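Given the structure is predicted, the values throughout are model-derived calculations rather than measurements. Note that ligands are numbered from 1 as they come in the structure, with each ligand's atoms numbered from 1 the same way. Residues take their numbers from the sequence shown, with the count starting at 1.
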Amino acid sequence: MNIPFVDLATQHATIHTEINAAIQQVLSRCNFILGSQVEEFEQAFAEFVETEHAIGVSNGLDALRLALMALDVGPGDEVILPANTYIATALAVSAVGARPALIDCDPHTYNIDVSLVEPAITPRTKAVIPVHLTGQSADMDPILEVASRHGLYVVEDAAQAHGTLYKDRPCGSIGVAGCFSFYPGKNLGACGDGGMVTTNNSSLAERLHRLRNYGQRAKYEHVEKGLNARLDTLQAAILTVKVRYLRQWNEARAAHAENYREMLRGVGDLIFQKEVPYSTHIYHLFIVETEQRAALQKHLSSAAIRTGIHYPIPIHLQQAYAELGYSRGDFPHAEQLADRMLSLPMFPELHPDQSSRVAEEVKRYFAPKERRT
Ligand SMILES: Cc1ncc(COP(=O)(O)O)c(C=O)c1O
């Protein structure tokens, strides 16, 4: 039995009739650019995230970039973000000409260490980007409190948190803007690239609509320099179908995570991510930490079980960010996680036989060598 890391084929098989109908409708209307399905999905997603506005954009990186542009973050500004995130969070900051100011994460929750936000603030700091990593919310209240005292924007990177609740508030509805990715493997994934910015701020929403579409107010009337970063109509049509299943898919993921925890508790040197009382967890990723990551991954691979590493190199050690002048040892928690984290197969359709096999193989790896046959 080959166990994939993510199984999109099985997911699409369960809803292919609806997806095909949605695609067919776009093909027959030929409304490929900003067709009515984009607005339909924006409304559905705004309802899901409980915000007044949702602006469909080309991908998660552009969602962050556009949010920063719309807030006038630019050259000379600094934006605080965690060192252990996907590089897109930092790239969005660089793309607007600002400087990513990295801070370490909490070693147990993997999210931004909120006690490090205030010490990182300088006269140039304009915004903070907490990342709700793996599907669990960062601790937003202390971040909002520090940000409001210092007049900073809080932009949520919710690319891994479609449906996560922070104290009953959906991630993406808490900061001035929430930025989502619909990369295919996300909890809500398109059949290609896609992204969304959510906000309750009407003037910000208006500006985002302009900025994603060449800065135009009306056709051929460009009031500022924007991007071509619109959500594709075909993707919007597909996402409108998929968003209806998102809650049930998130619940299935959480159930699989609970099974993994049951089956793997006390096995080898495995450590699980800490679950916190202030957030739900939609388990975009199920991660185990181990000193023996490489060998365990090799063992699972030879048993046809696919795993992932999210992420092997923290931002401050990426060659692309050598200019920031950080070095190894600057963010020890982020570095330790980068060396130890292994993501096990996780997708809503994961069958109990599959998760049991994964657990069995992990246990087999950690069993005393002479018993491993
Ligand atoms: C935390 C985080 N931020 C941003 C992104 C960027 O999203 P995209 O791949 O859609 O550009 C991703 C996903 O890839 C992500 O995981």
Side-chain angles (χ1 to χ4, degrees), residues 5-6 8 41 45 49 54-69 79-96 100 102-103 105 109-112 127-138 140 154-164 166 171-172 174-175 177-198 212 227-232 234-236 238-239 242 253 273 279 281-287 308-315 318 320-321 334 337-338 341 343 346-347:
F5 180 61
V6 169
L8 295 176
F41 176 57
F45 199 71
V49 179
I55 299 92
V57 300
S58 37
N59 54 59
L61 168 57
D62 282 343
L64 288 158
R65 179 183 178 191
L66 285 160
L68 295 172
M69 282 171 80
V79 178
I80 296 171
L81 58 112
N84 65 323
T85 178
Y86 183 56
I87 194 147
T89 322
L91 288 177
V93 174
S94 310
V96 298
L102 304 179
I103 60 175
C105 61
T109 66
Y110 311 161
N111 274 324
I112 198 164
V128 186
I129 310 184
V131 182
H132 307 302
L133 206 65
T134 77
Q136 186 167 245
S137 178
M140 294 301 290
V154 176
V155 175
E156 295 172 74
D157 184 337
Q160 302 186 7
H162 317 69
T164 304
Y166 173 74
C171 286
I174 302 163
C179 301
F180 291 85
S181 161
F182 304 122
Y183 180 82
K186 298 292 195 238
N187 288 38
L188 179 60
C191 298
D193 277 311
M196 188 73 84
V197 185
T198 50
R212 75 168 174 187
L227 307 174
N228 175 359
R230 305 166 294 220
L231 178 63
D232 188 87
L234 266 173
Q235 300 307 336
I238 291 165
L239 288 162
K242 293 183 85 172
R253 284 172 180 270
Q273 181 184 17
S279 174
H281 200 325
I282 61 160
Y283 280 99
H284 172 56
L285 298 171
F286 183 86
I287 287 176
I309 296 177
H310 299 88
Y311 300 96
I313 307 174
I315 306 291
Q318 294 282 0
Y321 278 113
L337 289 171
M341 290 206 287
S343 304
M346 173 56 78
F347 47 91

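Considering only residues two or more places apart in sequence or on other chains, Tyr183 meets the ring-ring contact (aromatic ring centres under 6.0 Å, His included) condition with none of them. Applying the ring-ring contact (aromatic ring centres under 6.0 Å, His included) rule to Tyr166 yields the partners Tyr278; only residues at least two apart in sequence or on another chain are considered. Among residues two or more places apart in sequence or in another chain, the ring-ring contact (aromatic ring centres under 6.0 Å, His included) test is passed with Tyr321 by none.
Between Tyr110 and His284, the ring center distance fails the sub-6.0 Å criterion.
Taken to the nearest 0.5 Å, the CZ atom of Phe45 stands 9.0 Å off from the CG atom of Leu239. Rounding to the nearest 0.5 Å places CG of Leu102 at 10.0 Å from OG1 of Thr89.
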Could you check ligand 1 for N or O atoms lying under 3.5 Å from protein N or O atoms and list the pairs with distances?
from     : atom 1 : to     : atom 2 : distance (Å)
ligand 1 : 3 (N)  : Asp157 : OD1    : 3.2
ligand 1 : 3 (N)  : Asp157 : OD2    : 2.7
ligand 1 : 7 (O)  : Ser181 : OG     : 3.3
ligand 1 : 10 (O) : Gly60  : N      : 2.7
ligand 1 : 10 (O) : Ser181 : OG     : 2.7
ligand 1 : 11 (O) : Gly60  : N      : 3.2
ligand 1 : 11 (O) : Leu61  : N      : 2.9
ligand 1 : 14 (O) : Lys186 : NZ     : 3.2
ligand 1 : 16 (O) : Gln160 : NE2    : 2.9
ligand 1 : 16 (O) : Lys186 : NZ     : 3.1

